[in-house]
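Keep in mind the model is a prediction, meaning the values are calculated, not measured. Worth knowing before you read on, the calculation uses all heavy atoms, side chains too, and leaves out hydrogens, waters and symmetry mates.
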Amino acid sequence: MHLVPFAELIPLRKYEAVRRIIKNMVGFSYGWTPGAKPVLFEIPLNNSIEAESDYDIISIANSPRKEKKEKKTAIISTPICFDDSAYEVCRALYLCGSEVFVNITNDSWSKTNSSEIQHFVVAHYRSIEYRTTTIRAANSGYTAVIDPTGKILAELPLFTEDALSYKVPIFSRELTVYARYGNWLPYSLILLVFAYILLTTEKSHEEEKKAAHISTVLLPHTIEWYELLDLVMARYDEVFAIDWNDWNL
């Protein structure tokens, strides 16, 4: 749902000229089409006493979940690749009822440890923000199970072919402040910054007007004072003029 610009999302791709340029330059697809809505899945739990075949794994995005006396299923969502770094995608999935984020990531193109770690560092905040478990399965890294506090419960090394089996904990859903209000803090700070800029700009204009008024009022008097001083000094030179030739004699 959250496409990466210039990789999955090609700007202006609807124009033939742009598609032709992309085709000639790199030769791959013209971009993807993002998902239109959040989708959730209900899956059976391992501790279910019923056979797994008795369950259907179906999308329940548009229907409320029926509460059961004994919890035998889990509601999961699958933010794909960079979706787990997009707060708006994960927030929508969580508000729809997701109990676990299951992320499937392809970061092998980077071929560097730094890219894998950077993606993971951003993504693992989703668990903290929504107090939910996140499972990441990446083809080159970083494969891990993350608990609601951001702690890594299980992991695999980067760029190593391996498999991981882990009993993933599922916690009760809590509607956190972040889940309820989203990015209210940065938006509030942006508003405060603009308000500060507006107030300081207005204050600066008032000070400039005041300084201009003071200059306009005092400037004529200052010029007159200097002109009078010049006249006085000229008269002083006339009255008290000294003939240095007399002193030399």
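- For Arg91 (side chain) and Ala179 (main-chain N/O), a donor-acceptor pair under 3.5 Å exists by modelled atom type.
- The environment of OH in Tyr87 is crowded: more than 12 heavy-atom neighbours from other residues, nucleotides or ligands sit within 6.0 Å.
- Under the 4.5 Å side-chain heavy-atom criterion for ILVMFWY residues, no single connected hydrophobic cluster contains both Phe194 and Leu185.
- For the pair Leu175 and Arg180, the minimum side-chain heavy-atom distance is below 4.5 Å.
- In this structure, Leu153 is a member of the same hydrophobic cluster as Val168, with clusters built from ILVMFWY side-chain heavy atoms closer than 4.5 Å.
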Quiz prompt | Pair Phe120-Ile152, side-chain contact (heavy atoms from CB on, under 4.5 Å): steps then yes or no | solution = CA-CA 11 Å; Phe120 169 76; Ile152 301 174; 3.7 Å; yes
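- With rounding to the nearest 0.5 Å, the separation of CD in Glu161 from CG in Asn139 is 11.5 Å.
- Taking each heavy atom of Arg126 and Asp84 in turn, the nearest pair found is CG-O, 2.9 Å.
- For the side-chain contact (heavy atoms from CB on, under 4.5 Å) with Ile117, the qualifying choice from Thr112, Leu158, Val122 is Leu158, the only one to do so.
- Residues Val39 and Ile43 fall within the same hydrophobic cluster, defined by Ile, Leu, Val, Met, Phe, Trp and Tyr side chains chained together at heavy-atom separations under 4.5 Å.
- Between Cys90 and Tyr130, the closest side-chain pair of non-hydrogen atoms falls below 4.5 Å.
- When all heavy atoms of Leu164 and Ala154 are compared, the pair lying nearest together is CD2-CB, 3.9 Å.
- Between Val100 and Ile135, the closest heavy-atom pair is CG1-CD1, 4.0 Å.
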Quiz item: Checking side-chain contact (heavy atoms from CB on, under 4.5 Å) for the pair Ile75/Glu42: CA distance, chi angles, key distance, verdict?
Solution: CA-CA 5 Å; Ile75 307 299; Glu42 186 172 14; 3.8 Å; yes
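- Looking only at side-chain heavy atoms (C-beta outward), Thr143 and Pro157 stay at 4.5 Å or farther from each other.
- In this structure, Asn183 contributes its side chain and Pro186 its backbone to no donor-acceptor pair below 3.5 Å.
- Using a 30° and 60° split on the angle between ring planes, Tyr94 and Phe101 fall in the perpendicular class, above 60°.
- Not a single donor-acceptor pair under 3.5 Å links the side chain of Ser110 to the backbone N or O of Ser115.
- Counting only distance, with no hydrogens or angles, the side chain of Asn106 and the backbone of Ser108 share a donor-acceptor pair below 3.5 Å.
- The distance from the CG atom of Asp83 to the CG atom of Leu3 is 8.0 Å, given to the nearest 0.5 Å.
- Considering CG of Asp147 and OG1 of Thr132, their distance stands at 10.5 Å, rounded to 0.5 Å.
- When side chains are defined from C-beta on, Tyr181 does not count as touching Thr176, because their heavy atoms never get closer than 4.5 Å.
- Separation of atoms CG (Asp162) and CG (Leu156) is listed at 5.0 Å; rounding is to 0.5 Å.
- With contacts defined as side-chain heavy-atom distances shorter than 4.5 Å, the pair Lys151/Ile146 does not qualify.
- If you take OG1 on Thr149 and NE2 on His124, they are separated by 8.5 Å, rounding to the nearest 0.5 Å.
- Counted within 6.0 Å of CZ on Phe159, heavy atoms from surrounding residues, nucleotides or ligands total more than 12; the atom is thus considered enclosed.
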Practice problem: Using the side chain to side chain donor-acceptor pair (under 3.5 Å) rule, take Asp107 and Thr105 through it: C-alpha gap first, then chi angles, then the decisive distance, then the call. | Solution: CA-CA 6 Å; Asp107 281 341; Thr105 291; 5.2 Å; no
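- The OG1 atom of Thr201 sits 9.5 Å away from atom OH of Tyr196, with the distance rounded to the nearest 0.5 Å.
- Residues Leu93 and Pro38 share a closest heavy-atom pair of CD2-CB, 3.6 Å.
- A donor-acceptor contact shorter than 3.5 Å is absent between the side chain of Ser127 and the backbone of Thr133.
- The two atoms that bring Arg131 and Glu174 nearest to each other are CG-OE1, 4.4 Å, heavy atoms only.
- Between Tyr178 and Glu129 the shortest heavy-atom distance is CE2-OE1, 3.4 Å.
- Side chain of His119 to backbone of Glu116: no donor-acceptor contact under 3.5 angstrom is found.
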Quiz item: Given the rule in the side-chain contact (heavy atoms from CB on, under 4.5 Å) test, do Phe41 and Thr78 qualify, once you have shown the distances and angles that lead to the verdict?
Solution: CA-CA 8 Å; Phe41 299 93; Thr78 56; 4.0 Å; yes
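- Clustering ILVMFWY residues whenever any of their side-chain heavy atoms sit less than 4.5 angstrom apart, transitively, puts Trp184 in a cluster other than the one holding Leu95.
- The main-chain N or O of Ser98 is found under 3.5 Å from a side-chain atom of Arg173 such that the two form a donor-acceptor pair.
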